[in-house]
Amino acid sequence: MSLPPVLVLAGPTASGKSALALALAQAENGVVINADSMQVYDALPILTAQPPEAARETVPHRLYGCLDPARPCSAAQWVELARAEIAAAWADGRLPIVVGGTGLYLESLRQGLSPIPEIPAEIRDQTRAVLAEIGNEAFHARLGQRDPAMAARLPPGDSQRMARAWEVLAATGRSLADWQTVPRQGGLAARWLTLALLPPREALRAACDGRFAAMVAAGAVEEAAAFLARGLDPALPAMKVLGLRELGAAARGELALAEAVAVAQAATRAYAKRQVTWLRH
RNA sequence: GGCCGGGUGGCAGAGUGGCUAUGCAGCGGACUGCAAAUCCGCGUACGUCGGUUCAAUUCCGGCCUCGGCCU
């Protein structure tokens with residue numbers, strides 16, 4: 001018996017994934033399932049380039065703008081949601097089309113993750129607080145005393161992974177290095193059809209710049225200002241959406257709009273480059 | 001024509017007689033639960049021709065060039 005199919009459309013921002021997904025979904029009776037870590041939040045539809053109403057009315061779109069931005073999503077949570085949507089599509093006799101540029105999510109969907117328990121929020125918050133207080137170097141040294149294996153493979157600059165390593169040890173009593181020797185679990189069994197969109201770099205850069213300018217023209221500044229007015233914790237993932245900070249500063253008059261756009265465009269280009277690196281691996 | 005001040009890697013911008021900042025952009029890479037995050041790596045650049053020196057981007061001179069002032 002052959003496995004049911006899943007079509008994956010991967011590519012950097014502004015590579016035209018969404019439009020292609022829409023066309024394929026129409027042609028192949030598909031369901032478009034989001035694999036972008038920012039588009040999952042119910043926030044900033046313009047700035048995160050969520051598919052417009054028109055597209056969603058044409059073809060079913062799942063996992064777009066459906067999570068509370070006040071609560072961080074995670075790779076594991078997304079995989080769980082995505083698996084459910086894929087199963088639902090199969091049950092409906094439709095082709096699941098997974099679209100997105102978040103490499104970690106896509107990889108986790110295919111390979112699964114080591115079965116590490118969820119870390120209590122208190123431990124996470126406390127860990128980040130300590131890290132912020134004592135600084136990277138001291139934190140790295142402290143990690144080295146408790147978890148030499150992880151400290152050895154993380155540079156002191158890598159605050160995010162150091163925090164993750166620390167909280168896993170604190171919450172489970174086992175090193176993350178140890179956990180990761182446990183085989184990954186939960187990888188989706190399917191017949192994978194993968195399409196990677198990798199436009200020439202020069203064209204990609206131009207597309208990134210053009211798209212950000214279009215977002216601003218579509219009201220991204222107002223959108224950013226309104227979202228920031230909610231006063232959410234700046235450490236939340238949704239608060240790190242590209243351009244949010246810059247556009248917010250522009251809205252408050254702290255930064256010239258042209259300058260804000262230029263900075264955000266540069267950040268977008270850098271992001272696209274990281275995505276390409278991931279896709280090429 | 002004269003005087004003065006500049007000419008540094010794609011851009012910005014320090015600096016030094018030998019050890020050749022830095023930032024941004026760019027390029028390559030990593031990636032197991034906040035990933036649009038978080039990191040790692042990569043550039044003998046010093047206008048030009050000569051001189052001084054063991055050694056010149058750095059000192060001296062000519063030339064070119066940019067800017068300012070003067071006639």
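Only this structure's heavy atoms are used, side chains among them; waters, hydrogens and symmetry mates stay out. Naming convention: chains lettered A, B, ... in sequence-line order (proteins, then strands); numbering from 1 in each chain.
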If we call it a pair only when both distances are under 3.5 Å in a Watson-Crick or G-U wobble match, what pairs with B:U32?
none

Contact class for A:Thr13 (heavy atom, under 4.0 Å): base, sugar-phosphate, or nothing?
nothing

A:Asn136 CG to B:U38 C1': how many Å, rounded?
10 Å

Whole-Å distance between B:G10 P and A:Arg201 CZ?
20 Å

Which nucleotide, if any, forms a Watson-Crick or G-U wobble pair with B:C54, using both distances under 3.5 Å?
B:G18

In whole angstrom, give me the gap between the P atoms of B:G6 and B:A14.
12 Å

Hey, is the main chain of A:Pro12 close enough, under 3.5 Å, to the side chain of A:Lys17 for a donor-acceptor pair?
yes

Carboxylate-amine/guanidinium contact A:Glu28 A:Arg94, below 4.0 Å
no

Between A:Gln275 and A:Thr13, do the side chains contain a donor N or O and an acceptor N or O under 3.5 Å apart?
yes

Can you tell me how far P in B:U71 sits from the matching atom in B:G7, rounded to whole Å?
28 Å

Take atom C1' in B:A25 and the same atom in B:C42, then report the distance between them in whole Å.
14 Å

Apply side chain to side chain contact (heavy atoms under 4.5 Å, CB included) to residues A:Leu109 and A:Val8 and explain how you reach the verdict.
CA-CA 11 Å; A:Leu109 178 65; A:Val8 174; 5.7 Å; no

How far, in whole Å, is B:G43 from B:G23 if one measures between their P atoms?
13 Å

Please state the C1' separation for the pair B:G28 and B:G67 - nearest whole angstrom.
40 Å

For A:Gln39, report the nucleic acid contact type (base, sugar-phosphate, nothing); a contact means any heavy atom under 4.0 Å.
base

Taking atom C1' of B:C39 as reference, at what distance in whole Å does atom CZ of A:Phe139 sit?
15 Å

For nucleotides 29-35 of chain B, read 5' to 3', which letter fits each nucleotide if B means a protein heavy atom sits under 4.0 Å from the base, S means only the sugar-phosphate is that close, and - means neither?
BBBBBBB

Pick the C1' atom in B:G13 and in B:C46, then give their distance to the nearest Å.
13 Å

Is a side-chain donor-acceptor pair under 3.5 Å present for A:Asp36 with A:Thr102?
no

Expressed in whole Å, how much space separates the C1' atoms belonging to B:G29 and B:A12?
27 Å

Just to be sure I understand the rule, does A:Leu47 reach a base, reach only the sugar-phosphate, or reach nothing, if contact means heavy atoms closer than 4.0 Å?
base

Taking only the P atom of each, what is the distance from B:A56 to B:C49 in whole angstrom?
14 Å

Is it true that A:Glu107 and A:Arg184 make a salt bridge, defined as a side-chain N closer than 4.0 Å to a carboxylate O?
yes

Residue matched to B:G26 through Watson-Crick or wobble contacts both under 3.5 angstrom:
B:C42

Specify whether A:Trp78 and A:Tyr105 have parallel, tilted or perpendicular ring planes, treating 30° as the upper limit for parallel and 60° as the lower limit for perpendicular.
parallel

Side-chain donor-acceptor pair under 3.5 Å between A:Arg205 and A:Thr268, yes or no?
no

Under a 3.5 Å limit for both distances, which nucleotide forms a Watson-Crick or G-U wobble pair with B:U65, could you say?
B:G6

CD of A:Gln265 versus P of B:A25: gap in Å, rounded?
13 Å

